[in-house]
Number of protein chains: 2
Amino acid sequence: MPKAMFEDIYRDVKQKIQDDVYPYQSFLPPEKDLVAVYSCSRNTVRRALQMLADDAYVQPLHGKGVRVIWQRSKQPTVGSLVGVESFEEYAKKNGRVPSTEVKLFETLTCDQELSARTGFEEGAELTHVIRVRSLNGEACQVDHNFFLESAVPGLTPRIAAGSIYRYIETELGMRILTSSRSITVELSTDMDRMYLDLGPYSCVAITENRVFNSNGVMFEYTQTRSHPKTFNLHVVSRR
Amino acid sequence: MPKAMFEDIYRDVKQKIQDDVYPYQSFLPPEKDLVAVYSCSRNTVRRALQMLADDAYVQPLHGKGVRVIWQRSKQPTVGSLVGVESFEEYAKKNGRVPSTEVKLFETLTCDQELSARTGFEEGAELTHVIRVRSLNGEACQVDHNFFLESAVPGLTPRIAAGSIYRYIETELGMRILTSSRSITVELSTDMDRMYLDLGPYSCVAITENRVFNSNGVMFEYTQTRSHPKTFNLHVVSRR
DNA sequence: GCCGATTTGTCCGTATGTATC
DNA sequence: CGATACATACGGACAAATCGG
């Protein structure tokens, strides 16, 4: 009920763009018209338009209007498969069957080297999980998860075999707020080749993910090592 | 003078975070204090804070405050080297000497296959450039540029050897507004191996870049094929 | 558990600046 | 030059979340 209005406008306009109500290269109605349509203030309209611009759906042109620059991909995109949280969602979208196999489940104490790599404090108790993620039975990424035990207590191999995020959000009631990722490409390791059928590929795509909860503590560091064939990331750069 | 005030606040607070004036995990002064400090309205402060949140520098917590979550990487990051426009900037930042070698310069007409790949209209006249970009003499990426000739006229190999973007912005007076990128990892081609010293790497990191000018037309499609060693991208995901 | 103070989230109406045509 | 449309900023109002007494 107390749903933010600017999000409704954002979704509505976005949908209209995808439905060609506002076609590629056309101009949106001027802000004052949108104010009338949605019966809200100009600020609220502008906030929604700002979000659409961030998504590269529209391009505001000073003194001219707001142009639609989104167009449906001609070659249907594979989508973005990056990081843990999008894995199941990605599978669903593309009509594939996801599966997860837990290869390692242990608790350990963060030493200096691990601290430098992950950003956790030295001496922190961590749950370390290695999982192989597959789509339609084909292994496509290896996840190396490190969870801060004090923030994510009660993890079990059984939970790890499903969705750890669902556990975190529903069971622990913890909200996930921010996450930042870094993407690199590195030579594959023996473990990569053991779990992924890399064939001629000598590399894997690596995304590092650091996730913060609503208490401001980083509670997860994950390194996802993806088969190049299944790696595809879409980024929109701002102005 | 007509410089946007929210950007000044954004930069100032960002700098203070990097300088540990506002340390990791601490709270920023409440918005009302910042309003007093910068002698502006709350909206203006909030806009700057919003940008910092988008950059994953801070994490606003409803009813509590705004927490700093940025921390200096312990292992110095290589930085982000993605796409053409950041190439010279990247080199400058890291104190390296950039150089560019034009390997191919031709004009061609967009056929069906190229249209599907790039998004240009079939039949459009394009300038096609292949360039090898090096840092300190070491080849690190191969750029395949396609420019819409009607939007970017007068390109010459001489210009391509320098910065095409500078030509576009200063000579043509064209503003670059939006660009969207897609990142994948693919097997290297013979051409990749000819220009890049890939060693044991059988793959290259590929970024596709589509750039729109202020007239709303896509005037550039670029595929950048990067040496894995020099590829590093940082992405911040929103909420 | 309730209440009030603090702080962020959302929204409004208005004013002024600036770019385009 | 004037009309239109986006950009920035202000000040105020109320809602919602958090925390301490």
Side-chain angles (χ1 to χ4, degrees), chain A residues 1-13 22 26-54 57-69 173-175 177-178 212-217 238-239, chain B residues 1-13 22 26-54 57-69 169 173-178 212-217 238-239:
Chain A
M1 179 63 129
K3 199 62 166 304
M5 180 187 297
F6 67 88
E7 281 193 340
D8 292 339
I9 302 176
Y10 164 75
R11 273 193 299 271
D12 190 56
V13 176
Y22 303 135
S26 71
F27 280 95
L28 295 185
E31 293 173 357
K32 72 168 179 54
D33 290 4
L34 294 175
V35 164
V37 169
Y38 295 104
S39 313
C40 66
S41 77
R42 188 161 164 246
N43 281 338
T44 305
V45 165
R46 283 185 59 76
R47 185 151 176 195
L49 293 182
Q50 173 64 47
M51 292 171 70
L52 289 167
D54 287 345
Y57 266 60
V58 301
Q59 178 187 44
L61 302 172
H62 200 153
K64 292 186 73 173
V66 180
R67 179 149 19 199
V68 177
I69 58 170
M174 196 161 78
R175 262 194 317 163
L177 287 191
T178 325
F212 295 78
N213 69 6
S214 54
N215 292 321
V217 292
R238 310 173 197 163
R239 52 190 83 188
Chain B
M1 182 57 138
K3 199 63 165 305
M5 181 187 295
F6 68 89
E7 282 192 341
D8 293 340
I9 302 176
Y10 163 76
R11 273 193 299 271
D12 190 56
V13 175
Y22 303 136
S26 71
F27 281 94
L28 296 185
E31 293 172 357
K32 72 169 179 54
D33 290 5
L34 294 176
V35 164
V37 169
Y38 295 105
S39 313
C40 66
S41 75
R42 187 165 162 238
N43 281 336
T44 305
V45 165
R46 282 185 60 76
R47 183 151 178 193
L49 294 182
Q50 174 65 46
M51 293 173 69
L52 289 167
D54 287 345
Y57 266 59
V58 301
Q59 177 189 43
L61 301 173
H62 197 157
K64 292 187 71 173
V66 180
R67 179 148 19 198
V68 177
I69 59 171
E169 287 186 324
M174 196 159 78
R175 261 195 317 163
I176 292 151
L177 288 192
T178 326
F212 296 78
N213 69 6
S214 53
N215 292 321
V217 292
R238 306 172 200 163
R239 53 191 81 187

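Protein chains get the first letters and strands the later ones, always in sequence-line order, with residue 1 at the start of each. Everything numeric here is computed off the predicted structure, so don't read it as measured data.
- In this structure, A:Asn43 atom CG and D:dC6 atom C1' are separated by 13 Å, rounded to whole Å.
- To the nearest angstrom, C1' of C:dC11 lies 17 Å from CG of A:Leu34.
- With both pairing distances under 3.5 Å, D:dC1 is matched to nothing as a Watson-Crick or G-U wobble pair.
- Distance check, rounded to the nearest 0.5 Å: CZ of B:Arg47 to CE of B:Met5 gives 12.0 Å.
- Atoms CZ and NZ, from A:Phe27 and A:Lys64 in turn, are 5.0 Å apart once rounded to the nearest 0.5 Å.
- As rounded to whole Å, 10 Å separates atom P of D:dG11 from atom CE of B:Met5.
- Taking only side-chain nitrogens and oxygens, A:Thr44 never comes nearer than 4.0 Å to OP1 or OP2 of C:dT10.
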For residues 31-39 of chain B, dump all side-chain donor-acceptor pairs below 3.5 Å to protein atoms at least two apart in sequence or in another chain.
unit_1: B:Glu31; atom_1: OE1; unit_2: B:Arg42; atom_2: NE; d: 2.6
unit_1: B:Glu31; atom_1: OE1; unit_2: B:Arg42; atom_2: NH2; d: 3.0
unit_1: B:Glu31; atom_1: OE2; unit_2: B:Arg46; atom_2: NH1; d: 2.8
unit_1: B:Tyr38; atom_1: OH; unit_2: B:Asp12; atom_2: OD2; d: 2.5

Test side chain to side chain contact (heavy atoms under 4.5 Å, CB included) on A:Val66 and A:Leu52 and set out the steps. CA-CA 10 Å; A:Val66 180; A:Leu52 289 167; over 6 Å; no

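- When the P atom of C:dA19 is taken as reference, atom CD of A:Gln59 falls 17 Å away, rounded to whole Å.
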For B:Val58 and B:Val13: C-alpha separation, side-chain torsions, deciding distance, then whether side chain to side chain contact (heavy atoms under 4.5 Å, CB included) applies. CA-CA 10 Å; B:Val58 301; B:Val13 175; 5.6 Å; no

Do nucleotides 2-9 of chain C as a string where each nucleotide becomes B, S or -: B if the base has a protein heavy atom under 4.0 Å, S if just the sugar-phosphate does, - if no protein is that close. -----BBB

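- The separation between A:Tyr38 atom OH and C:dG13 atom C1' is 21 Å, rounded to whole Å.
- In this structure B:Ser26 satisfies the side-chain hydrogen bond (donor to acceptor under 3.5 Å, both in side chains) test with no other residue, sequence neighbours excluded.
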